[in-house]
Trainee: 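Take this structure first; my questions come after.
Since the structure is predicted, the reported quantities are computational estimates derived from the model, not experimental observations. The figures here come from the full heavy-atom set of this structure, side chains too, leaving out hydrogens, waters and symmetry mates.
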Amino acid sequence: MTHEQQKTVSAPHIIVVGCGRLGAALAMSLARQNYSVAIIDSDPQAFQRLDPNFRGQAVEGEGLDQDSLERAGIKQAYGFAAVTTLDSINIITCRIARDIYHVSRVVARLYNPSRASIYQKLNLQTVASSSWAAQRVEQTILNPGMQSVYSAGNGEVHLYELIIPETLAGKTINDVLPSGDSVISGLTRAGRAQLPKSNETLEAHDILLVTATAQGAASLQKLLDQAKKE
């Protein structure tokens, strides 16, 4: 079964494997933010969890099958999440996405904590089943340079831990924070925390605590991505 509605061609494309409650919530949240989304599941009934107005692609198939992945657009994928209830599926599909198709933003759901060491050895980014939520997976995909340590409400606002790279050293907090969509909550430098002023000059490896909306987080991520290229 392939269910597709009109989507923005230029929008970053994200693939979700597993249309359970988590996968469906994640896919719908991303689609509402105008990302291009494809969700894969072997059970066509699973797509009933999607909202009737879901603006994305539902692909019936196995996440391990490269044909299914390619029908879902993995060659153009910006991000990839495997969130089934089978760790073996999540591990293998994430390795395929990362190692064969070179998707840079890959997240796996850790369903059984006893298998955490396997994910660690393979250097896979995970969200544990004991603490997962669609918003956590979403933010890990969209903002890999920042760690979400708390979310408020239904995930509209997150508290992020942001490590300042060397290329941003010398800039002030005003230079870094997008106006109106984020608020500085604290700064840790050399193990000591403080409430800095907006004109505080940042140093490499400073840790900023930033409260931000999704729009503010996207602006911060863009700044980090630009800093990596410099």
Trainee: Would you indicate whether the side-chain heavy atoms of Y119 and D87 approach each other to under 4.5 Å?
Mentor: yes
Trainee: Please assess L69 against L64 for the test side-chain contact (heavy atoms from CB on, under 4.5 Å), listing each intermediate value before the final yes or no.
Mentor: CA-CA 8 Å; L69 292 171; L64 300 175; over 6 Å; no
Trainee: Is there a side-chain contact (heavy atoms from CB on, under 4.5 Å) between L209 and L187? Walk through the geometry before answering.
Mentor: CA-CA 6 Å; L209 281 178; L187 181 150; over 6 Å; no
Trainee: Using the rule given for side-chain contact (heavy atoms from CB on, under 4.5 Å), can you reason through I74 versus F80, listing the C-alpha separation, both sets of side-chain angles and the distance that settles it, and then say yes or no?
Mentor: CA-CA 8 Å; I74 196 167; F80 184 95; 4.0 Å; yes
Trainee: What's the shortest heavy-atom distance between A212 and S182, and which atoms?
Mentor: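 That closest heavy-atom pairing would be CB-CB, 3.8 Å.
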Trainee: Walk me through it: do R105 and D225 pass the test salt bridge (Lys or Arg N to Asp or Glu O under 4.0 Å)?
Mentor: CA-CA 13 Å; R105 301 186 177 195; D225 290 343; 3.3 Å; yes
Trainee: Determine whether a donor-acceptor pair (N or O, by modelled atom type, separation under 3.5 Å) exists between the side chain of H13 and the backbone of K75.
Mentor: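 Pair absent, no side-chain N/O of H13 close to backbone of K75.
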Trainee: Look up atom CG in L177 and atom NZ in K171, then write down how far apart they are to the nearest 0.5 Å.
Mentor: 12.5 Å
Trainee: For a 4.5 angstrom cut-off between non-hydrogen side-chain atoms, does L50 reach C19?
Mentor: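 They are in side-chain contact.
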Trainee: Enter the distance from I14:CD1 to Q33:CD here, rounded to the nearest 0.5 Å.
Mentor: 8.5 Å
Trainee: Can you name the residues that form a salt bridge (charged side-chain N to carboxylate O under 4.0 Å, His left out) with E203, not counting sequence neighbours?
Mentor: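 E203 satisfies salt bridge (charged side-chain N to carboxylate O under 4.0 Å, His left out) with R189 once adjacent residues are dropped.
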Trainee: Out of curiosity, H158 NE2 to T213 OG1, how far, rounded to the nearest 0.5 Å?
Mentor: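 If we round to the nearest 0.5 Å, H158:NE2 and T213:OG1 are 10.0 Å apart.
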Trainee: Which heavy atom of T211 sits nearest a heavy atom of S185, and at what distance?
Mentor: OG1-OG, 2.8 Å
Trainee: List the residues meeting side-chain contact (heavy atoms from CB on, under 4.5 Å) with L122, not counting sequence neighbours, and say none if there are none.
Mentor: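 L122: side-chain contact (heavy atoms from CB on, under 4.5 Å) contacts with I91, R95, I118, L124.
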Trainee: Does this structure show an ion pair linking K222 with D181, if we count only N-O contacts that are shorter than 4.0 Å?
Mentor: no
Trainee: Say you draw a straight line from CG of L223 to CG of L168; how long is it, rounded to the nearest 0.5 Å?
Mentor: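 Taking CG in L223 and CG in L168, the distance rounds to 5.0 Å.
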Trainee: Listed by chain and number, what are the side-chain hydrogen bond (donor to acceptor under 3.5 Å, both in side chains) partners of T93, not counting sequence neighbours?
Mentor: none
Trainee: Only counting residues at least two apart or in another chain, list the ones meeting side-chain contact (heavy atoms from CB on, under 4.5 Å) with Q45.
Mentor: D43, Q48
Trainee: Backbone N or O of E60 within a donor-acceptor pair of the R71 side chain at under 3.5 Å?
Mentor: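 Between the backbone of E60 and the side chain of R71 there is a qualifying donor-acceptor contact (under 3.5 Å).
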Trainee: List in chain and number order the residues that pass side-chain hydrogen bond (donor to acceptor under 3.5 Å, both in side chains) with E166, two or more places apart in sequence or in another chain; answer none if no residue qualifies.
Mentor: none
Trainee: Kindly indicate whether the side chain of N90, heavy atoms from C-beta on, has any atom under 4.5 Å from the side chain of V83.
Mentor: no
Trainee: Is the side chain of R55 donor-acceptor paired with the backbone N or O of N34 at a distance under 3.5 Å, no angle test?
Mentor: no
Trainee: Can you list everything that forms a side-chain contact (heavy atoms from CB on, under 4.5 Å) with Q76? Sequence neighbours excluded, please.
Mentor: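 Partners of Q76 by the side-chain contact (heavy atoms from CB on, under 4.5 Å) criterion come out as none, since no residue qualifies.
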Trainee: If the test is side-chain contact (heavy atoms from CB on, under 4.5 Å), which one of I40, V103, V59, V106 qualifies with I15?
Mentor: I40
Trainee: Determine the minimum heavy-atom distance between V176 and L220, stating which atoms define it.
Mentor: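 Smallest interatomic distance, heavy atoms only, reads O-CD2, 3.6 Å.
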Trainee: Indicate yes or no: at least one non-hydrogen side-chain atom of P165 is less than 4.5 angstrom from one of L224.
Mentor: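 P165 reaches L224 side chain to side chain.
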Trainee: Quick check: closest heavy atoms across A72 and A38, and the distance to 0.1 Å?
Mentor: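 Shortest heavy-atom separation between A72 and A38 comes out as O-CB, 3.4 Å.
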Trainee: Would you mind reporting whether T85 and R109 have side-chain heavy atoms less than 4.5 Å apart?
Mentor: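 Touching, per the 4.5 Å side-chain cut-off.
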Trainee: Applying salt bridge (charged side-chain N to carboxylate O under 4.0 Å, His left out), can you list everything that pairs with D175, at least two apart in sequence or on another chain?
Mentor: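 None.
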Trainee: So which atom in I39 and which in A27 form the shortest heavy-atom distance, rounded to 0.1 Å?
Mentor: CD1-CB, 3.9 Å
Trainee: Under a 3.5 Å cutoff, is there a donor and acceptor pairing between the side chains of Q66 and Y101?
Mentor: yes
Trainee: Tell me every residue that passes side-chain hydrogen bond (donor to acceptor under 3.5 Å, both in side chains) with N123, counting only those two or more places apart in sequence or in another chain.
Mentor: none
Trainee: By side-chain contact (heavy atoms from CB on, under 4.5 Å), which residues pair with T188, not counting sequence neighbours?
Mentor: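 Once residues adjacent in sequence are excluded, the partners of T188 under the side-chain contact (heavy atoms from CB on, under 4.5 Å) criterion are A193, I207.
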Trainee: Over all heavy atoms of both residues, which pair between A31 and F54 is shortest? Give the atoms and the distance, please.
Mentor: CB-CE1, 3.8 Å
Trainee: Should V16 and L22 be marked as a side-chain contact (heavy atoms from CB on, under 4.5 Å) after you check the CA-CA gap, both sets of side-chain angles, and the distance that decides it?
Mentor: CA-CA 10 Å; V16 178; L22 171 59; over 6 Å; no
Trainee: Under the side-chain hydrogen bond (donor to acceptor under 3.5 Å, both in side chains) test, which residues partner D41, sequence neighbours left out?
Mentor: none
Trainee: Ignoring hydrogens and geometry beyond distance, is a side-chain donor-acceptor pair present between T172 and N199 at under 3.5 Å?
Mentor: no
Trainee: What salt bridge (charged side-chain N to carboxylate O under 4.0 Å, His left out) pairs are there with at least one residue in residues 22-35, not counting sequence neighbours?
Mentor: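 Pairs touching residues 22-35 that pass the test: none.
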